[in-house]
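As a basis for the values below, the full set of heavy atoms in this structure was taken, side chains included, without hydrogen atoms, waters or symmetry mates.
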Amino acid sequence: QVQLVESGGGLVQAGGSLRLSCAASGRTFSSYAMGWFRQAPGKEREVVAAISWSGGNTYYADSVKGRFTIPRDNAKNTVYLQMNSLKPEDTAVYYCAAAGSSWPVEGYDYWGQGTQVTVSS
């Protein structure tokens with residue numbers, strides 16, 4: 001069982017930056033691939049970025065490539081989403097998720113409660 005708690009959301013102006021954190025419980029965090037998703041009002045949830053358990057593989061949605069990164073610190077049981085050059089269309093609730101499968105991830109097993117990110121124009 002893995003519990004995930006996101007933090008770091010908030011209100012930021014377009015062009016600004018935010019860093020989301022996702023703290024995981026459990027001793028097996030380092031064996032999980034991790035992902036960040038977002039869901040905007042009226043839209044489906046979409047994957048934003050993902051990282052393998054070792055950090056050796058990453059995935060980014062085209063909409064965030066070059067602006068977002070997904071580092072992880074297995075010693076701290078934490079994965080981050082560094083968001084730069086934010087745009088109003090990045091406004092959404094952001095969720096982190098953990099997958100016990102190998103890379104590439106086919107499905108996520110655990111989800112956090114989400115954190116709101118609002119980007120003003």
Discussion item. Once disulfide (SG to SG under 2.5 Å) is applied, what residue pairs with a partner in residues 34-90 remain, sequence neighbours excluded?
Written reply: none

Discussion item. Nearest 0.5 angstrom please: M34 CE to T78 OG1, how far?
Written reply: 9.0 Å

Response to the item:
Those residues at least two apart in sequence (or on a different chain) that pass side-chain contact (heavy atoms from CB on, under 4.5 Å) with V117 are L18, L20, M83, Y94, V119

Response to the item:
By side-chain contact (heavy atoms from CB on, under 4.5 Å), Q116 pairs with (sequence neighbours left out) T91, V93, T118

Practice prompt. Working to the nearest 0.5 Å, report the span between CG of D90 and OG of S63.
Written response: 7.0 Å

Discussion item. Main chain of T28, side chain of S30: is a donor-acceptor contact present, judged purely on distance under 3.5 Å?
Written reply: no

Worksheet entry | Side chain N77, main chain A23, donor-acceptor under 3.5 Å | no

Practice prompt. Write out all pairs satisfying disulfide (SG to SG under 2.5 Å) with one or both partners inside residues 34-75, taking only residues at least two apart or from two chains.
Written response: none

Discussion item. Does the Lys NZ or Arg CZ of R67 fall within the cation-pi geometry relative to Y60 - under 6.0 Å from the ring centre and within 45° of the axis?
Written reply: no

Discussion item. Tell me the closest heavy-atom pair linking Y80 and D73, and the distance in Å.
Written reply: CE1-CB, 4.2 Å

Response to the item:
In short, A40 meets A92 closest at the heavy-atom pair N-CB, 3.8 Å

Worksheet item: At their closest point, which heavy atom of A33 faces which heavy atom of W103, and how far apart are they?
Response: CB-CE3, 4.5 Å

Practice prompt. Answer whether the closest heavy-atom distance between the side chains of V79 and W36 falls below 4.5 Å.
Written response: yes

Fill in: Verdict with reasoning, K76 to F29, per side chain to side chain contact (heavy atoms under 4.5 Å, CB included)
CA-CA 9 Å; K76 294 183 178 180; F29 172 78; over 6 Å; no

Worksheet item: Which residue pairs satisfy the side-chain hydrogen bond (donor to acceptor under 3.5 Å, both in side chains) criterion with at least one member in residues 5-14, sequence neighbours excluded?
Response: E6-Q113

Worksheet item: S101: what forms a side-chain contact (heavy atoms from CB on, under 4.5 Å) with it, not counting sequence neighbours?
Response: A99, V105

Worksheet item: Does N84 have any side chain to side chain donor-acceptor pair (under 3.5 Å) partners at least two apart in sequence or in another chain, and if so, which?
Response: S17, Q82

Discussion item. Using 0.5 Å steps for rounding, measure from the CG atom of L4 to the OG atom of S21.
Written reply: 12.5 Å

Worksheet item: What residues, two or more places apart in sequence or in another chain, satisfy salt bridge (Lys or Arg N to Asp or Glu O under 4.0 Å) together with R19?
Response: none

Worksheet item: Below 4.5 Å, heavy atoms only, C-beta onward: do R72 and N74 meet side chain to side chain?
Response: yes

Practice prompt. Quick one: list whatever passes ring-ring contact (aromatic ring centres under 6.0 Å, His included) with F37, sequence neighbours left out.
Written response: Y108, W111

Worksheet, complete the sentence: OH of Y59 to CD1 of I51, rounded to nearest 0.5 Å, is 14.5 Å

Worksheet item: Do the side chains of Y110 and Y95 join up, straight or via other hydrophobic residues, at under 4.5 Å, putting them in one cluster?
Response: no

Discussion item. Count I, L, V, M, F, W, Y as connected when their side-chain heavy atoms are under 4.5 Å apart, and connections chain through other members. Are L81 and V64 then in the same cluster?
Written reply: yes

Practice prompt. Report the residues that fulfil salt bridge (Lys or Arg N to Asp or Glu O under 4.0 Å) with K87, sequence neighbours left out, ordered by chain and then residue number.
Written response: none

Worksheet item: To the nearest 0.5 Å, what is the distance between OG (S120) and CG (L86)?
Response: 10.0 Å

Worksheet, complete the sentence: So the side-chain hydrogen bond (donor to acceptor under 3.5 Å, both in side chains) pairs with at least one residue in residues 39-53 (sequence neighbours excluded) are R38-E46

Discussion item. Within a 6.0 Å radius of atom CD on Q3, are there more than 12 heavy atoms belonging to other residues, nucleotides or ligands?
Written reply: no

Worksheet item: Taking only residues two or more places apart in sequence or in another chain, which ones pass side-chain contact (heavy atoms from CB on, under 4.5 Å) with P104?
Response: none

